[in-house]
Amino acid sequence: MKFFFGVMGMVMIVEGLPYFIAPHKMRQMVTMILQMPEGSLRRFGFFMMLAGLAVVYLSMGAG
């Protein structure tokens, strides 16, 4: 459980960095995302999940 919370903390840091470093650009990006079709967002989300799964798989020493 300690490892899980450590990972979640790191995710929160990485997710928060763009908002801290360039809030104006993030506001533009959110506006752009709101205008994207749902299908494109779904495909992007699926790709990101696959990429995350690959990173986790490779980082666990498999391969």
Side-chain angles (χ1 to χ4, degrees):
M1 201 63 165
K2 189 175 181 180
F3 177 75
F4 175 75
F5 284 120
V7 170
M8 290 304 293
M10 290 301 295
V11 168
M12 292 168 72
I13 290 169
V14 170
E15 288 285 328
L17 273 174
Y19 294 96
F20 178 73
I21 293 171
H24 180 70
K25 290 287 184 186
M26 286 307 299
R27 192 178 299 266
Q28 289 176 346
M29 182 68 89
V30 169
T31 302
M32 216 169 71
I33 290 171
L34 288 172
Q35 296 172 355
M36 287 177 68
E38 208 170 281
S40 296
L41 289 173
R42 194 174 307 272
R43 282 188 297 278
F44 179 73
F46 183 69
F47 170 76
M48 292 303 289
M49 287 190 304
L50 287 178
L53 183 62
V55 168
V56 169
Y57 179 77
L58 293 173
S59 70
M60 295 298 209

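Only a predicted model underlies this, so the values are computations on that prediction, with no experimental measurement involved.
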Are Tyr57 and Met10 connected in the hydrophobic side-chain network, where two residues link if heavy atoms are under 4.5 Å apart? no

In the structure I gave you, are the side-chain heavy atoms of Pro23 and Met26 within less than 4.5 Å of one another anywhere? no

Residues two or more places apart in sequence or in another chain: which of them pass side chain to side chain donor-acceptor pair (under 3.5 Å) with Gln35? none

Look up atom OH in Tyr19 and atom NE2 in His24, then write down how far apart they are to the nearest 0.5 Å. 14.5 Å

Check the surroundings of atom CE in Met36: do more than 12 heavy atoms from other residues, nucleotides or ligands lie under 6.0 Å from it? yes

With clusters defined by side-chain heavy atoms of hydrophobic residues (ILVMFWY) lying less than 4.5 Å apart, directly or transitively, does Met1 cluster with Val7? no

